[in-house]
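Notes for the one structure printed next.
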Amino acid sequence: MGNLLKVLTREIENYPHFFLDFESKSGRGVKMGGGREGDVGKRNQMGNLLKVLTCTELEQGPNFFLDFENAQPTEGECDVWNQVNSVLQDSESILSGLQAYKGAGQEIRDAIQNPNDLLLQEQAWNSVCPLVIKLKKFYSFSLRLEEALQSLLECLTCPPYTPTQHLEKEQALAKQFAEILHFTLRFDELKMRIPAIQNDFSYYRRTISRNRINNMNLDIESEVNNEMANRMSLFYAEATPMLKTLSNATTNFVTENKTLPLENTTDCLSTMASVCKVMLETPEYTSRFSSEDTLLFCMRVMVGVIILYDHVHPNGAFNRSSKIDMKGCIKVLKDQPADNVEGLLNALKFTTKHLNDESTPKNIRTMLQ
């Protein structure tokens, strides 16, 4: 494990390069079994992964292709994989719904400017109610995602295996972990561009509290009662609500599992961040990406695990003792087109916990200004 951390934190100068293939689309169901050749291939693949992460062939500086393309869950992974997959398979419809969100800004303005016009009040209310139901759906999905993340963390950090061994043995779950982070950053990037969300929800809450509208779709209160509205309000008040949810989930996971060494969780996160950074800064590997989406995928995963690490580790991700090369990670982002990384850099600035600590090197803070 020591050699792994040296490789991933730059303490060994000539570390080997490796490549994670995130471009595949895994199937909806789990297929078990397989022939002898497939089993041998998987064992060879796992062996290569272990060699990279433990540096047993460091002197030769080998290049290894870490293939997540065909990662299928083993029998031991199936229960958790299926549970998480049932959540992830709804993620695209959630993103599509958010992307299509138009808001009821005009109807709300008309109603506010003409408080005595009951027709305009009714039109605004009838426009807002379906949007509130949609917002509840997004919020409810965040709760499902939180449970999925904690299930994956439990599997990828539990004894007796180290995080490295888990990555070797449970690649299908590791890929799902990355997919959750990928979705999370995409959701938050979209949400930050839609101010109508908070305006619509604020109007809904004001209207309900004043009880100014009678017999106009008030059945909605059975779906979005006051308690639910309060929780949704806190969720959408965050600049990056999904990342905040996952950060809290990771912190709670560590707090609730007091017998689990903290390093099991932080090493899992720092390893993933370092792997993504190496992939992104190595032209040999980025040239293999078949689309720009894969590049964005790796950047989002890297930023996501950095933020989780920063919330979980007592000293955070920006400290000089951090196992994440923050200068290198930020440089990788800044080398990309500004439009592609603005939301990711903002997430590092506003969603992390320790960026403004005195222990954070000035050059790191400057890079994020």
Side-chain angles (χ1 to χ4, degrees), residues 22 91 94-95 98-99 138-139 141-142 145-146 149 153 177-195 197-198 234-252 265-266 268-270 272-277 279-281 292-313 315-319 322-357 360-361 363-369:
F22 288 118
S91 62
I94 294 292
L95 290 173
L98 180 60
Q99 196 163 21
F138 300 158
Y139 170 72
F141 186 78
S142 77
L145 206 66
E146 179 179 3
L149 180 78
L153 283 173
F177 183 83
E179 288 172 338
I180 285 178
L181 292 170
H182 177 55
F183 162 83
T184 296
L185 271 295
R186 290 172 69 195
F187 182 96
D188 286 345
E189 286 169 7
L190 287 172
K191 184 266 178 185
M192 290 176 74
R193 301 185 191 129
I194 311 176
I197 288 177
Q198 286 176 271
L234 291 173
F235 176 77
Y236 288 111
E238 296 288 343
T240 52
M242 285 289 178
L243 260 178
K244 180 66 172 178
T245 297
L246 296 194
S247 297
N248 290 342
T250 306
T251 302
N252 291 339
T265 303
T266 55
C268 175
L269 299 173
S270 62
M272 185 66 78
S274 300
V275 166
C276 289
K277 180 187 77 74
M279 289 171 58
L280 289 165
E281 69 187 2
E292 186 180 352
D293 288 343
T294 306
L295 196 68
L296 292 172
F297 181 97
C298 293
M299 289 190 285
R300 289 183 181 117
V301 173
M302 182 181 73
V303 169
V305 290
I306 288 172
I307 292 169
L308 297 187
Y309 182 100
D310 191 61
H311 279 259
V312 172
H313 197 286
N315 297 324
F318 301 95
N319 190 283
S322 169
K323 292 177 181 177
I324 298 177
D325 174 15
M326 284 305 306
K327 182 178 179 180
C329 290
I330 296 170
K331 183 179 183 302
V332 163
L333 293 175
K334 292 209 159 189
D335 286 342
Q336 307 300 321
D339 290 345
N340 289 349
V341 298
E342 181 182 3
L344 298 177
L345 291 171
N346 283 337
L348 288 176
K349 282 191 269 188
F350 303 121
T351 313
T352 48
K353 185 177 180 181
H354 294 278
L355 174 61
N356 295 317
D357 289 0
T360 298
N363 64 322
I364 299 296
R365 282 201 291 264
T366 300
M367 290 179 75
L368 285 174
Q369 286 178 353

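Since we're looking at a predicted model, the values are computed, not measured. All values below were derived from every heavy atom in this structure, side-chain atoms included, with hydrogens, water molecules and symmetry-related copies excluded.
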**Item:** From CA spacing to verdict: side chain to side chain contact (heavy atoms under 4.5 Å, CB included), L181, L246
**Value:** CA-CA 9 Å; L181 292 170; L246 296 194; 4.1 Å; yes
**Prompt:** After noting the C-alpha distance and the side-chain angles of F183 and M242, does the key distance pass the side chain to side chain contact (heavy atoms under 4.5 Å, CB included) rule?
**Reply:** CA-CA 9 Å; F183 162 83; M242 285 289 178; 4.1 Å; yes
**Item:** Stepwise side chain to side chain contact (heavy atoms under 4.5 Å, CB included) test for L269 and F177
**Value:** CA-CA 10 Å; L269 299 173; F177 183 83; 3.6 Å; yes
**Request:** Dump the intermediate steps for side chain to side chain contact (heavy atoms under 4.5 Å, CB included) on L280 and M302, then the final yes or no.
**Result:** CA-CA 10 Å; L280 289 165; M302 182 181 73; 4.1 Å; yes
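Within the model, atoms OG of S142 and CG of L149 stand 12.0 Å from one another, a figure rounded to the nearest 0.5 Å. The OG1 atom of T360 sits 10.0 Å away from the CG atom of N315 when rounded to the nearest 0.5 Å. With rounding to the nearest 0.5 angstrom, the CE atom of M326 is 11.0 Å from the CG atom of N363. Rounding to the nearest 0.5 Å places CG of D357 at 9.5 Å from OG1 of T352. Rounding to the nearest 0.5 angstrom, the gap separating the CD atom in Q198 from the CD atom in E238 is 9.5 Å. The distance from the CG atom of D310 to the OG atom of S322 is 8.5 Å, given to the nearest 0.5 Å.
Using a 4.5 Å heavy-atom threshold, the side chains of F350 and L368 count as separate. No side-chain heavy atom of T250 sits less than 4.5 Å from a side-chain heavy atom of H311. Side-chain contact check for L295 versus N340: every heavy-atom pair is 4.5 Å or farther apart. You'll find the side chain of L145 stays beyond 4.5 Å of the side chain of T245, heavy atoms only. Contact of the F138 side chain with the F187 side chain is registered, since non-hydrogen atoms from C-beta on lie closer than 4.5 Å. Between N248 and K244 the shortest side-chain heavy-atom distance falls below 4.5 Å. With contacts defined as side-chain heavy-atom distances shorter than 4.5 Å, the pair M367/K331 qualifies. Annotation: side chain of L98 is in contact with side chain of I197 (closest heavy-atom distance under 4.5 Å).
Under the 30°/60° scheme for interplanar angles, the aromatic rings of Y309 and H313 are found to lie parallel.
With a 6.0 Å radius and a threshold of 12 heavy atoms from other residues, nucleotides or ligands, K334 has its NZ atom above the threshold.
Aromatic rings from H182 and F297 are positioned such that their centres are separated by under 6.0 Å.
Paired with R300 under the rule side chain to side chain contact (heavy atoms under 4.5 Å, CB included), one option of L185, T184, D188 passes, and it is L185. Evaluated for a side chain to side chain contact (heavy atoms under 4.5 Å, CB included) with T240, the options E189, M192, K191 yield exactly one hit, M192.
The shortest heavy-atom contact between A178 and V301 is O-CG2, 3.4 Å.
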